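Read through the structure below, which is laid out as structure tokens, and then see the notes.
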Number of protein chains: 2
Amino acid sequence: MSGVLHVLLHMAAFEGAATSERLAAVMGTNPVVVRRLMAGLRDLGLVGSVKGHGGGWKLACDLDRVTLRDVYVALGSPGILAMGHRREEPTCLVEQAVNAALGTAFEDVERLLLERFSDVTLGTLSADFRARLTSSDLCGQERQPDVA
Amino acid sequence: MSGVLHVLLHMAAFEGAATSERLAAVMGTNPVVVRRLMAGLRDLGLVGSVKGHGGGWKLACDLDRVTLRDVYVALGSPGILAMGHRREEPTCLVEQAVNAALGTAFEDVERLLLERFSDVTLGTLSADFRARLTSSDLCGQERQPDVA
DNA sequence: TCTCATGCAACTGGTTGTGTTGCATGAGAT
DNA sequence: ATCTCATGCAACACAACCAGTTGCATGAGA
């Protein structure tokens, strides 16, 4: 999730298409790893890919219309919580009691997180990034090489 | 977490000390795995162990005074969420923006979960289990062998 | 002293995520 | 046409992690 947002925002900062190699350099990882990630995002309609000379990855969505929730759901609504039930439908009555108690708490938590995610768009994050960029400039710090 | 609660409630249902072997049978796992788990709980004061003949594990806490939150904190407040920050203190401004947005959401979620956990004691769960047990009896279903 | 049970260390096996290499494919530039 | 660049895809290497397993030492009671 964090990685996905990172890539998307970097792409937003780029002009034109970004190659896997370039994104890999930004993310501090390998071009193939980037392709694996981006292939999933492409299937979800968030980005598009162009092969050949001058090709690469481009955003295929409106930053202001995509919320973090959309991204999360697009990712297949992966389990939010690090903990889960030991068994999903246990015959053990103890387990059932535990699952019932934890289950309601987990649902509440999931609902809250989705709610928070719905409030933030990629555009919001991008704006926040740009704000940090100018603020960084004002402080006289050198600009990050990966956002040029 | 789920496993810990499971063990503790089963111990509450037992009379006297429970051996690792017995608990392992209940949990469908290995005695050594149980010991590894229980050793942690013992260091936290939740259970006690007695070696030798007739020994085993016994609860060392009052079920009604221990909340799920206590258990969770005793477990070292492990990360609740399956997702985290790509990097904790990134120099990359994009990453900072992402972390800021996700961070506040994560904090809210963590706060809510702890709140929910504070509302439930082990005694609550144990009572729920007993209710399910009698309800199960009324339905004429056979009693679980692992809670006898 | 015999038995039972924890305590502990070491090894195994499966899973997962990451990185890496190699090659095929498609699209533009020359 | 062909050369170059970039994605697409498969396969393998690698470390981390967890669960399971084995073996033996230790302590406590019968």
Side-chain angles (χ1 to χ4, degrees), chain A residues 1-8 10-11 14-60 75-76 78-88 90 95, chain B residues 1-4 6-8 10-11 14-60 75-76 78-79 81-88:
Chain A
M1 183 78 182
S2 180
V4 168
L5 296 178
H6 194 182
V7 165
L8 291 177
H10 269 293
M11 290 175 64
F14 280 154
E15 296 292 325
T19 67
S20 301
E21 193 172 0
R22 191 171 182 183
L23 290 176
V26 167
M27 304 280 290
T29 180
N30 196 283
V32 179
V33 177
V34 171
R35 289 197 192 104
R36 275 206 278 253
L37 175 64
M38 302 298 284
L41 300 183
R42 181 196 49 209
D43 296 342
L44 304 170
L46 293 177
V47 302
S49 64
V50 177
K51 302 174 79 172
H53 209 115
W57 302 92
K58 286 196 342 189
L59 287 174
L75 257 40
I80 289 181
L81 297 161
M83 55 185 102
H85 296 327
R86 252 176 52 88
R87 214 179 309 179
E88 219 43 54
E95 191 96 67
Chain B
M1 183 76 182
S2 179
V4 168
H6 195 181
V7 165
L8 291 176
H10 269 294
M11 290 175 63
F14 280 154
E15 296 293 325
T19 67
S20 301
E21 192 171 1
R22 191 172 181 182
L23 290 175
V26 166
M27 303 281 290
T29 181
N30 197 281
V32 179
V33 177
V34 170
R35 288 198 192 105
R36 277 205 276 250
L37 175 64
M38 302 298 285
L41 299 183
R42 181 195 49 210
D43 296 342
L44 304 170
L46 293 177
V47 302
S49 65
V50 177
K51 302 173 80 171
H53 209 115
W57 301 92
K58 288 199 337 191
L59 287 174
L75 257 40
L81 297 162
M83 53 185 103
H85 295 328
R86 254 175 50 89
R87 215 178 306 180
E88 219 44 54

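In what follows, chains are A, B, ... by sequence order, proteins preceding strands, each numbered from 1. It should be emphasised that the depicted structure is a prediction, and the values quoted were computed from it without experimental measurement.
- Proximity note for R42(A) (side chain, C-beta onward) versus dT7(D), dT21(D), dG19(C): the nearest is dT7(D).
- For S49(B), no side-chain nitrogen or oxygen approaches OP1 or OP2 of dA5(C) to under 4.0 Å.
- Rounded to whole Å, atom P of dA19(D) lies 9 Å from atom CG of L37(B).
- The side chain of N30(B) has dT21(D) as its nearest neighbour among dT4(D), dT20(C), dT21(D).
- A heavy-atom distance below 4.5 Å is not found between the side chains of L23(B) and L37(B).
- What separates CG of L23(A) from P of dA6(D) is a distance of 12 Å, to the nearest Å.
- Two residues are said to be in side-chain contact when any heavy atoms from C-beta on lie closer than 4.5 Å; V26(A) and V7(A) fail this criterion.
- Atom-to-atom, CE of M38(A) to P of dT7(D) comes out at 9 Å; the value is rounded to the nearest Å.
- Comparing dT20(C), dT7(D), dG7(C) by their nearest atom to the side chain of K51(B) picks out dG7(C).
- Between D43(A) atom CG and dT7(D) atom C1' the separation is 13 Å, expressed in whole Å.
- Checking side-chain atoms of R86(B) against main-chain N and O of M27(A) turns up a donor-acceptor pair under 3.5 Å.
- Distance, M83(B) CE to dG17(C) P: 14 Å, rounded to whole Å.
- Rounded to an integer number of Å, the gap from K58(A) NZ to dT7(D) C1' is 15 Å.
- Between M83(A) atom CE and L75(B) atom CG the span is 8.0 Å, to the nearest 0.5 Å.
- The two residues P31(B) and E21(B) have their closest heavy-atom pair at CG-CA, 4.1 Å.
- Closest-nucleotide positions on DNA chain D for G56(A) and V32(A) were compared, and the one nearer the 5' end corresponds to G56(A).
- In terms of polar N and O atoms assigned as donor or acceptor, the side chain of R36(B) comes within less than 3.5 Å of the base of dG20(D) in a complementary pairing.
- Look at CZ on R86(A): it is 10 Å from P on dA19(D), rounded to the nearest Å.
- Nucleotide dG27(D) is matched to dC4(C) when pairs are restricted to Watson-Crick or G-U wobble geometry with both distances under 3.5 angstrom.
- Here R35(B) does not reach the OP1 or OP2 of dG7(C): none of its side-chain N or O atoms lies under 4.0 Å away.
- Nearest-nucleotide assignment on DNA chain D puts the 5′-proximal partner with V33(B), out of V33(B) and G54(B).
- For dA5(C), neither phosphate oxygen OP1 nor OP2 lies less than 4.0 angstrom from any side-chain nitrogen or oxygen of S20(B).
- The distance between atom NE2 of H53(B) and atom P of dG27(D), rounded to the nearest whole Å, is 19 Å.
- The partner of dG19(C) is dC12(D), judged by Watson-Crick or G-U wobble contacts that both fall below 3.5 Å.
- OP1 or OP2 of dA19(D) has not a single side-chain nitrogen or oxygen of T29(B) nearer than 4.0 Å.
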